**Q** 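Provided herewith is a single structure, encoded as structure tokens, for subsequent inquiry.
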Amino acid sequence: MPELPEVEVVRSGLAPALVDATVSAVTVHDARALTRHPGSVDDFEQSLRGAHVVAVCRRGKFLWMPFTPAGGSNAARAVVAHLGMSGQMLLRFSGAPVERHERIRLDIDHPHHGALAVVFADQRTFGSLALDPLLPTTDAAPGGFGADEATVPAQVAHIARDPLDPALDETRLRRLWARKRSAIKRVLLDQTVISGIGNIYADEALWGARIHPETPADALSARHVTRLLAEIRAVLDKALAEGGTSFDAQYVNVNGQAGYFAHSLHAYGRTGAPCHRCGRPIARVSFMNRSSHFCPSCQRMPRTR
DNA sequence: GGGTAGACTTGCGATC
DNA sequence: CGTGCGCAAGTCTACC
């Protein structure tokens, strides 16, 4: 499920049930879901059993839950979750039947909500959970959305802040973009430059800003960049408000429900359909081993300099 | 360094 | 109807 709005829907759904909860049991059904965990399956289970969850945080498409270990004092580590292409975090009542594609289950006890199960299910196993040490952020700002502490898991340290993060350094971002000769879509998908944008929202933001996806980043004017940043934030905000984009059963919130943003798409997946601005057909081209969708009429390449 | 291709994996749907 | 193929919301690594 994948991009920022979908992951944020999951984060905000998990937070009320997980913050202040204690992990009572850990069940790993499929060790492939721990490929990013630096230790063994046993280490994962034992380190998490009895742990007390402190927060549920997100930067870009990465989620993490700082925890204090059983009998421990401060949160030095976090459970890191990445949903990959098809991961789900589901909240269930304690003892609920095993889900299709269930990989890992955390049984938790919450002071107000009682006994619950947090299920990590993932059809394609590109997603994963891991335990990871928390490192100080380089800018001393909170690590991400939902984080009070200025820390991020080691695996997230190289991921840039996302467009909805108040600590995003827009000056740095503009400088980076101005230096890159790569196609702007490639740069939007580079999570070390700005995070949280994937194939759907890259296409949507570029459509909104009327920018051809293969425009070299350094060919964009300051006006273009301003418009693009505004479109990125607008499309992410709107998708978040609509509960994310669901094409199939893969993306759902913690209760298994789909989002509505698929109805608001202007470019992504609309190959051959009339552009909502000019009526000409939306084009699809292969790009970076995936698809780009855009309007060849309203998203023109700028004149070469 | 930028870029590309490939690896990981399951399931769906249009095509033959 | 059966089969194989292309394609899918992501990230990381190896190699030019």
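Values below: all heavy atoms of this structure, side chains included; hydrogens, waters and symmetry mates excluded. Computed from a prediction, not measured in an experiment: that's the story for all the values here.
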**Q** Could you tell me how far B:dA7 sits from C:dC5 if I compare only their P atoms? Round to whole Å.
**A** 16 Å

**Q** Considering only atom P, compute the distance from C:dC7 to B:dA5 and round it to an integer number of Å.
**A** 14 Å

**Q** For a quick check under 3.5 Å, do A:Asp42 and A:Gln46 share a side-chain donor-acceptor pair by atom type?
**A** no

**Q** Is the closest side-chain donor-acceptor distance between A:His112 and A:Asp20 under 3.5 Å?
**A** no

**Q** Take the protein atom NZ of A:Lys180 and the nucleotide atom P of B:dG2, then report the distance between them rounded to whole Å.
**A** 5 Å

**Q** Charged N to carboxylate O under 4.0 angstrom, A:Arg58 versus A:Asp162?
**A** yes

**Q** Mark yes or no for a side-chain to base donor-acceptor pair under 3.5 Å between A:Arg124 and C:dA8, with no hydrogen or angle criteria applied.
**A** yes

**Q** CZ of A:Phe287 versus P of C:dA8: gap in Å, rounded?
**A** 14 Å

**Q** Looking at A:Arg280, I'd like to know if its CZ atom is crowded, meaning that more than 12 non-hydrogen atoms belonging to other residues, nucleotides or ligands lie closer than 6.0 Å.
**A** no

**Q** Return one dot-bracket line describing DNA chain C 5' to 3' (Watson-Crick or G-U wobble pairs, both distances under 3.5 Å; ( ) same strand, [ ] crossing, | another strand, . none).
**A** .|..||||.|||||||

**Q** Measuring to OP1 and OP2 of C:dG10, would you say a side-chain N or O of A:Ser86 lies under 4.0 angstrom away?
**A** no

**Q** Look at the side chain of A:Arg32 and decide which nucleotide, out of C:dT11, B:dT9, B:dG11, has an atom nearest to it.
**A** B:dT9

**Q** Atom NE2 of A:His158 to atom P of C:dT11: distance rounded to whole Å?
**A** 9 Å

**Q** Among the nucleotides C:dG10, C:dC12, B:dG11, which one has an atom lying closest to any side-chain atom of A:Phe126?
**A** C:dG10

**Q** Using a cut-off of strictly less than 4.0 Å, decide whether A:His101 has a side-chain nitrogen or oxygen near OP1 or OP2 of B:dG11.
**A** yes

**Q** Would you mind checking if A:Arg174 and A:Glu170 are paired as a salt bridge, meaning a charged N to carboxylate O distance below 4.0 Å?
**A** yes

**Q** Considering residues, nucleotides and ligands other than A:Glu149, do more than 12 of their heavy atoms fall under 6.0 Å from its CD?
**A** no

**Q** So what does A:Asp248 touch, heavy atoms closer than 4.0 Å: a base, only the sugar-phosphate, or nothing?
**A** base

**Q** Please work out if A:Phe247 contacts a base, only the sugar-phosphate, or nothing of the nucleic acid, heavy-atom cut-off 4.0 Å.
**A** base

**Q** A:Gln250 has an atom CD; how far is it from atom C1' of C:dC7, in whole Å?
**A** 14 Å

**Q** If you find the nucleotide of DNA chain C closest to A:Gln123 and the one closest to A:Gln155, which residue's nucleotide is nearer the 5' end?
**A** A:Gln123

**Q** Establish, with yes or no, whether the OP1 or OP2 oxygen of C:dT11 is under 4.0 angstrom from a side-chain nitrogen or oxygen of A:His82.
**A** yes

**Q** Less than 4.0 angstrom between a side-chain N/O of A:Arg100 and OP1 or OP2 of B:dG11, yes or no?
**A** yes

**Q** So A:Ser291, base contact, sugar-phosphate only, or nothing? Heavy-atom distance under 4.0 Å.
**A** sugar-phosphate

**Q** What's the closest nucleotide to the side chain of A:Arg186 if the choices are B:dT4, C:dC7, B:dT10?
**A** B:dT4

**Q** Walk me through whether A:His101 and A:Thr125 qualify under side-chain contact (heavy atoms from CB on, under 4.5 Å).
**A** CA-CA 9 Å; A:His101 304 306; A:Thr125 75; over 6 Å; no

**Q** Report the distance from atom CG of A:Asp190 to atom P of C:dG10, rounded to the nearest whole Å.
**A** 13 Å

**Q** Using whole Å, what does the distance between atom P of nucleotide B:dG6 and atom CE of A:Met288 come to?
**A** 15 Å

**Q** Rounded to the nearest Å, what distance is computed from the CD1 atom of residue A:Ile159 to the P atom of nucleotide C:dT11?
**A** 7 Å

**Q** Verify the distance criterion only: is there a donor paired with an acceptor across the side chains of A:Arg36 and A:Ser128 at less than 3.5 Å?
**A** yes

**Q** Rounding to the closest angstrom, what is the interatomic distance between C:dT11 and B:dG11 at atom P?
**A** 22 Å

**Q** Which is true for A:Arg179 with a 4.0 Å heavy-atom rule: it touches a base, it touches only sugar-phosphate, or it touches nothing?
**A** nothing

**Q** In terms of side-chain heavy atoms, does A:Tyr251 have a donor or acceptor partner in A:Glu3 at a distance below 3.5 Å?
**A** no

**Q** Atom CD of A:Glu6 and atom P of C:dA8: how far apart are they, to the nearest Å?
**A** 16 Å

**Q** Does A:Asn289 or A:Ala183 map to a spot on DNA chain B nearer the 5' end, using the closest nucleotide for each?
**A** A:Ala183

